[in-house]
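Labels below follow one simple rule: chain letters A, B, ... track the order of the sequence lines, proteins then strands, and each chain is numbered from 1.
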2 protein chains.
Amino acid sequence: MRITLKDIAKALNLSASSVSKALNDSHEISQETKKLVKDYAEKHHFRINKIAQTLKTGKTYSIGVILFNISNNFVAQMLDGIQVVSEQAKYDIIIMQSRNNELLEKKAIEVLRNRGVDGLLISPINHQSSETELRALQENGIPVVLIDRIFHNLHTHKVGVNNFEGAYRATKHLVDQGKKRLMHITGKDLGITEERLNGFKAALATANIPFHPDLLLACDYTEGSQVEIEIKRKIVQLLDAGQKPDAIFCATDDITSRTLGVLAELNIAVPTEIALIGFSNTPYAHALNPALSAVVQPAFEMGKLGFQKLIELVNKKHQEVAFETIALDTELHIRKSSL
Amino acid sequence: MRITLKDIAKALNLSASSVSKALNDSHEISQETKKLVKDYAEKHHFRINKIAQTLKTGKTYSIGVILFNISNNFVAQMLDGIQVVSEQAKYDIIIMQSRNNELLEKKAIEVLRNRGVDGLLISPINHQSSETELRALQENGIPVVLIDRIFHNLHTHKVGVNNFEGAYRATKHLVDQGKKRLMHITGKDLGITEERLNGFKAALATANIPFHPDLLLACDYTEGSQVEIEIKRKIVQLLDAGQKPDAIFCATDDITSRTLGVLAELNIAVPTEIALIGFSNTPYAHALNPALSAVVQPAFEMGKLGFQKLIELVNKKHQEVAFETIALDTELHIRKSSL
DNA sequence: TTGTAGGCGTTATCAA
DNA sequence: TTGATAACGCCTACAA
């Protein structure tokens, strides 16, 4: 059904190797033969069997990408960047989701490894998740690059953002608005949240506002989606205790959206009762009511850069490389929700 | 570096074929030998080379999935359903985005075909997009299943929703609220929008409200993201002409979100000035201000069902199958934006 | 400039 | 119950 090199060879009275060379534009083959072969191939819709090619060459021309959840604006934007570069570089990408679950993460790595990929771009669950598995990949000549969640022990290229700085500026902004009781809602053990918490604390410190552990909520992402409930419970609890915050800084895209939802549900006016700002890459920030103040990450750029770095490694597998950690800047978009 | 069947065979003084059979639990191999082989394999971290296996067997155990844009709640939810089933079925999925661009769609099909997939799940751009390419796949024994965009000429299983019904009920709801000047914003040539338009018209008809072409906007999705600008221009134009609608029904997830944004930008109060309802699967519908009334599609179910249907085809490639078209029901969620 | 032979890692067929 | 052999489709020395 599907035509192969041999078929072409037979039809043209050539050897399979000549056909192979002709299709690969080898200098050992005459122009006429090349033309003959290529025309025939085109006419008969010859498509090379990548599987066989891979088996022979060892190159799969595919890259594994492990993200925690692709239905997240931030992640989707990274993915867009990744895809742009992957197309230029003629690499296919195989996307897997870890859902912030270390078991699924390990499984994804395993699947990709079995299937054969030339490299792996991953946003790991946390500091040391799947460390041995990733190291094993590297030792087998499959380069790994970390993206977004760059606080990981693995020794390699890492592309993320300046989390401390982003959090610091957002918090500073709230402080500058005269807010005194700042709450921080974050995720537990997500690999980037520590730095954001540090930024939060640092901004408080510069304003001589003591950090109040009661105003910190670290949501658990390992279980199903109880996050919204956790947030609601915490806020209600603060209200009941007469400890209402006057501003909230949210650490991730997902948390920001959910917090907004909880406040709406509780009929808490934003920003008059509680001001809100958070990490968010939603393209609809301006369309929300009130328009959302956000720390925006250069997600598209991160995706592009991360993938480029990975391709570099793939292409010079055997040379010594000085690994870099790149932290891009975030942008602070002030809108109504924090004013 | 990586251990192969032969290595095991050599180490155990067996033949490669026996090792292969042992690992595949063939009945021709003795229990002791199996244990021997499996233990050795485990101990030495043997992982089978899927590439070689595929070359030999012709089965890739991977399925191509072509969607138009994965950073869309609705699509992301479908994808979740797809992934759940794919893991059960032990198939990998390779995700590609067509971005509602027929050239990219064709390219994606080509890539998947070259790379080798056992089947294709696709949400095609429109009625006849890539029809010949898809048919060619089928003729080469690679089954195709259509999802979401089920109004396509291809003869196969199709899994989508009852678009007419969903649109009809949403529009009917607006009519029941006493709305008279209903606007419909939709996408041009997206394969599902005709039926939604028909549902819109039918609901108007039952209320004896004439359909007004001026109150219809079909956005062009083939070019970059001018959609929001188009919507804004149209609404401003209607306002200027004193033709302000009193309600809007939006046909897709993306259009609903964007329309909401435009209305906010134009400082048009929802629902008092203009009521709004639209197809949307955003998990934050209740968290928007005002909470968004929406026609919700069973996206997760669609993904699951579509993938299941595809796997069925993959597994009985040579039997005659009676193709089905399945239209799941949508849910109407009435919230504040349309009241 | 073209062809031959061997092999990538696996499995299927047949023989032992 | 095990083993030898060939084959999947392609590429690459090396020979012609």
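A donor-acceptor pair under 3.5 Å links the side-chain atoms of A:S30 to the main chain of A:T33, judged by distance alone. No side-chain donor-acceptor contact under 3.5 Å links A:N315 to the backbone of A:E312.
Heavy-atom nearest nucleotides on DNA chain D were determined for A:F46 and for B:S15, and the one closer to the 5' end corresponds to B:S15. Residue-to-nucleotide proximity on DNA chain D shows that, of B:N13 and B:T57, the 5′-proximal contact is made by B:N13.
Scanning residues 30-39 of chain B for heavy-atom distances under 4.0 Å to DNA chain D yields B:S30, B:T33. Contacts between residues 17-28 of chain A and DNA chain D, defined by a heavy-atom separation under 4.0 Å, are made by A:S17, A:S20, A:K21, A:N24.
A distance of 4.5 Å separates CG of A:L305 from CD1 of A:I326, quoted to the nearest 0.5 Å.
Qualifying salt bridge (Lys or Arg N to Asp or Glu O under 4.0 Å) partners for A:R113, counting only residues two or more places apart in sequence or in other chains: none. Residues passing the side-chain hydrogen bond (donor to acceptor under 3.5 Å, both in side chains) test with B:S129 are B:E105, sequence neighbours excluded. Residues passing the ring-ring contact (aromatic ring centres under 6.0 Å, His included) test with A:F300, sequence neighbours excluded: none. Remark: A:K21 pairs with A:E28 by the salt bridge (Lys or Arg N to Asp or Glu O under 4.0 Å) rule, at least two apart or across chains. Partners of B:K34 by salt bridge (Lys or Arg N to Asp or Glu O under 4.0 Å), not counting sequence neighbours, listed by chain and number: B:D25. Partners of B:D39 by salt bridge (Lys or Arg N to Asp or Glu O under 4.0 Å), not counting sequence neighbours, listed by chain and number: B:K35. The side-chain hydrogen bond (donor to acceptor under 3.5 Å, both in side chains) test applied to B:E102 returns B:K106, not counting sequence neighbours.
Among the heavy atoms of the strands lying under 4.0 Å from B:L14 are primed sugar atoms or P, OP1, OP2 only; no base atom is included. Residue contacts shown for A:D7 are absent, as no nucleic acid heavy atom lies under 4.0 Å away. Counting non-hydrogen atoms under 4.0 angstrom, A:L5 reaches the backbone sugars and phosphates but no base. Residue A:I48 is in sugar-phosphate contact alone, with no base atom involved, counting any heavy-atom pair closer than 4.0 Å across all strands shown.
Taking atom NZ of B:K59 as the reference point, atom P of C:dA12 lies 13 Å away to the nearest angstrom. The CG-P distance, from A:N114 to C:dG9, rounds to 15 Å in whole Å. Taking atom NZ of residue B:K6 and atom C1' of nucleotide C:dC8, one finds them 8 Å apart after rounding to whole Å. Here C:dA16 presents its C1' atom at 14 Å from CD1 of B:I29, a figure rounded to the nearest Å.
The side-chain hydrogen bond (donor to acceptor under 3.5 Å, both in side chains) pairs that include a residue from residues 78-88 of chain B are A:R99-B:D80, where partners are two or more places apart or lie in different chains.
For DNA chain D, the contact window with chain B, defined by any atom under 4.0 Å from a protein heavy atom, covers D:dT1 to D:dG9 in 5' to 3' order.
Relative to the ring axis of B:Y40, B:K43 does not place its NZ or CZ within 45° and under 6.0 Å from the centre. Judged by the 6.0 Å distance and 45° axis criteria, B:R115 is not positioned over the aromatic ring of A:Y61.
Computed from C1' positions of five pairs at each end, the angle between the two local axes of the helix from C:dT1-D:dA16 to C:dA16-D:dT1 equals 50°, rounded to 10 degrees.
The existence of a salt bridge linking B:R135 and B:E139 is excluded, since no basic side-chain nitrogen approaches an acidic carboxylate oxygen closer than 4.0 Å.
Taking only distance into account, the side chain of B:K56 meets the base of C:dT11 through a donor-acceptor pair shorter than 3.5 Å.
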